[in-house]
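Remarks on the structure that follows.
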Amino acid sequence: MSRRGESVLEPPSGSANIPAMSDTDTSVTRSMVKQLLAAPGPCPEVRVQGWVRTRRDTGAFSFLEINDGSCLANLQVIADAVLPNYVMEVAHLRTGASVEVVGELVASQGGGQAWEVQAREVMVHGHAEEDFPLQKKGHSMEFLRSIAHLRPRSNLFGAVFRVRSRMAYAIHRFFQERGFVYVHTPIVTASDCEGAGEMFRVTTLDGESLAAGKDAEDFFGKPAYLTVSGQLEGETFACALSNIYTFGPTFRAENSNTSRHAAEFWMIEPEMAFCDLAGDMDLAEAMIKALVDDALEHCAEDLGFFAKFVDKGLLERLQFVRERPFARVSYTEAVEILQASGEAFEYPVEYGHNLQSEHERYLTERHFQCPVTVFNYPREIKPFYMRQNDDGKTVAAMDLLVPGIGEIVGGSQREERLDRLRANLATHGLSEADYWWYVDLRRYGTVPHAGFGLGFERLLMFVTGVGNIRDVIPFPRVPGWAEF
RNA sequence: UCCUCUGUAGCUCAGCGGUAGAGCGGGUGGCUGUUAACCACUAGGUCGUAGGUUCGAAUCCUACCGGAGGAGCCA
């Protein structure tokens with residue numbers, strides 16, 4: 001009989017302090033399903049805690065499939081009819097119930113799984129009422145969205161959110177290993193003209209005072225908003241710590257109703273001092289490759305599930321991205337390629353206009369058939385902070401396009417020359433007084449610097465093949481929907 | 001915000017002018033090892049809402065509400 005800490009199974013770090021919850025048997029610590037399924041050999045006593053995915057009865061006993069979120073696969077438990085609570089409890093377990101099982105880990109007699117647990121005790125923590133909405137099959141993504149509090153218990157969403165967690169970790173690892181400093185830029189900002197989109201106002205004023213424009217009486221003494229980008233604040237830290245990155249929530253009040261937009265999303269924004277556009281593009285491409293590589297290595301089971309049920313070509317595409325070089329073309333070249341393509345685009349391709357979704361997709365999916373970085377855009381279609389090139393026509397901007405998603409990274413070298421920045425502010429109709437601290441960076445030891453923004457959810461869509469941003473964020477916020 | 005499609009049982013959908021259907025899920029019973037188990041029986045719906053056309057509307061028309069896809073904007 002094994003005792004606490006003597007299991008042949010290595011307990012997960014930290015689990016030794018989790019108290020056993022059984023009334024009658026406290027001699028063995030909890031194992032996660034993932035550990036048990038990878039067990040090197042049988043084990044006389046294990047403890048599992050999780051949720052019932054399905055129950056099948058065969059006369060003398062029941063099969064219970066238990067999932068605890070540690071991995072995609074379930075653990076099969078054999079619950080014999082001689083168990084004291086079999087008739088009253090075990091035989092009535094439905095999908096969704098929470099249980100704790102103590103028993104013996106043995107080689108499975110059936111096919112389909114290497115190991116199973118012969119239960120000595122099945123403790124029911126909570127039955128699932130008979131209207132538990134998750135079934136063993138056949139749910140639409142739309143329905144699952146309406147039960148966002150339960151959907152993490154489905155195979156697909158368990159996999160999505162394990163990958164989300166891993167990718168967040170991989171992003172921090174990527175930057176930390178390269179000496180980047182993680183900066184927490186503010187979520188509430190008083191600069192009302194960051195220029196990246198419509199903003200949510202944050203206020204303590206009542207409706208009347210708000211309508212009367214009594215901004216001076218507001219909490220911050222002037223209008224405040226939720227951030228649409230940490231870039232400007234990020235630049236101040238890059239101009240001190242050299243290489244920094246942010247990773248936090250971002251808010252846009254745009255009335256966007258698409259599968260690629262959310263009102264609240266997470267963004268990663270690195271910023272590098274003493275760096276030009278080429279270095280910026282190098283970093284963006286290295287990051288995408290590193291993240292894809294990490295997912296392939298550490299999320300293989302979950303990616304396999306996506307490849308089977310969500311996106312048949314997923315693994316092929318990810319391996320391609322990991323192994324092949326990315327294409328890189330100037331905006332001018334991209335326009336020429338599109339004009340020479342002979343494609344009948346809905347919107348005409350014309351120098352000086354933004355590339356439309358259909359143009360971006362043609363470049364990455366048809367022409368190059370790999371991720372493409374497009375750089376040096378006409379200055380007229382880009383924001384004030386981007387650095388003007390010597391040709392007088394373009395700015396040092398870049399967009400990284402990937403198949404299936406389109407733009408996943410947008411970045412630029414920043415205008416570090418004081419006179420040019422002032423001129424840009426004027427051209428864009430922005431007041432220098434509102435950006436006094438941003439302009440100051442150019443007065444006190446200015447340096448060439450560059451950075452980009454990566455939409456975390458768009459990265460997840462790319463890595464998982466999931467087609468809607470609402471399905472890669474735990475509780476999506478979109479126009480008209482803030483449930484949960 | 002615009003365009004298109006869509007809203008029938010808990011879920012996925014069929015029915016498209018003549019008294020509401022299936023599969024799954026739920027309940028009951030059966031089955032010595034199942035794998036979205038299987039077999040039998042059974043409960044369950046004022047057909048998104050409000051008007052209109054008609055002898056008669058889930059079905060046709062209008063408006064509104066919800067959902068999806070595409071576009072714009074972007075990450």
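Proteins get letters first, then strands, A, B, ... in listed order; numbering begins at 1 in each. Only a predicted model underlies this, so the values are computations on that prediction, with no experimental measurement involved.
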Measuring from the side chain of [X] (C-beta onward, heavy atoms only), which nucleotide among [options] has the closest atom?
| X | options | result |
| --- | --- | --- |
| Glu116(A) | G33(B), U1(B), C11(B) | G33(B) |
| His261(A) | C74(B), A68(B), G33(B) | C74(B) |
| Asp57(A) | G33(B), C31(B), G72(B) | C31(B) |
| Met267(A) | A71(B), U28(B), A75(B) | A75(B) |
| Ser256(A) | G33(B), U35(B), G72(B) | G72(B) |
| Gln135(A) | G25(B), A68(B), A71(B) | G25(B) |
| Gln76(A) | G69(B), G67(B), U35(B) | U35(B) |
| Glu407(A) | C74(B), G72(B), A68(B) | C74(B) |
| Asn257(A) | U28(B), U34(B), A71(B) | A71(B) |
| Thr58(A) | A37(B), U12(B), C11(B) | A37(B) |

Do the side-chain N and O atoms of [X] and [Y] include a donor-acceptor pair separated by under 3.5 angstrom?
| X | Y | value |
| --- | --- | --- |
| Tyr86(A) | Ser62(A) | yes |
| Glu333(A) | Ser330(A) | yes |
| Glu235(A) | Gln231(A) | yes |

* Can you tell me, in whole Å, how much space there is between the C1' of U62(B) and that of A57(B)? => 15 Å

Taking atom types as they are modelled, is there a donor-acceptor pair under 3.5 Å from the base of [N] to the side chain of [X]?
| X | N | answer |
| --- | --- | --- |
| Arg260(A) | A75(B) | no |
| Gln109(A) | G33(B) | yes |
| Glu254(A) | U1(B) | no |

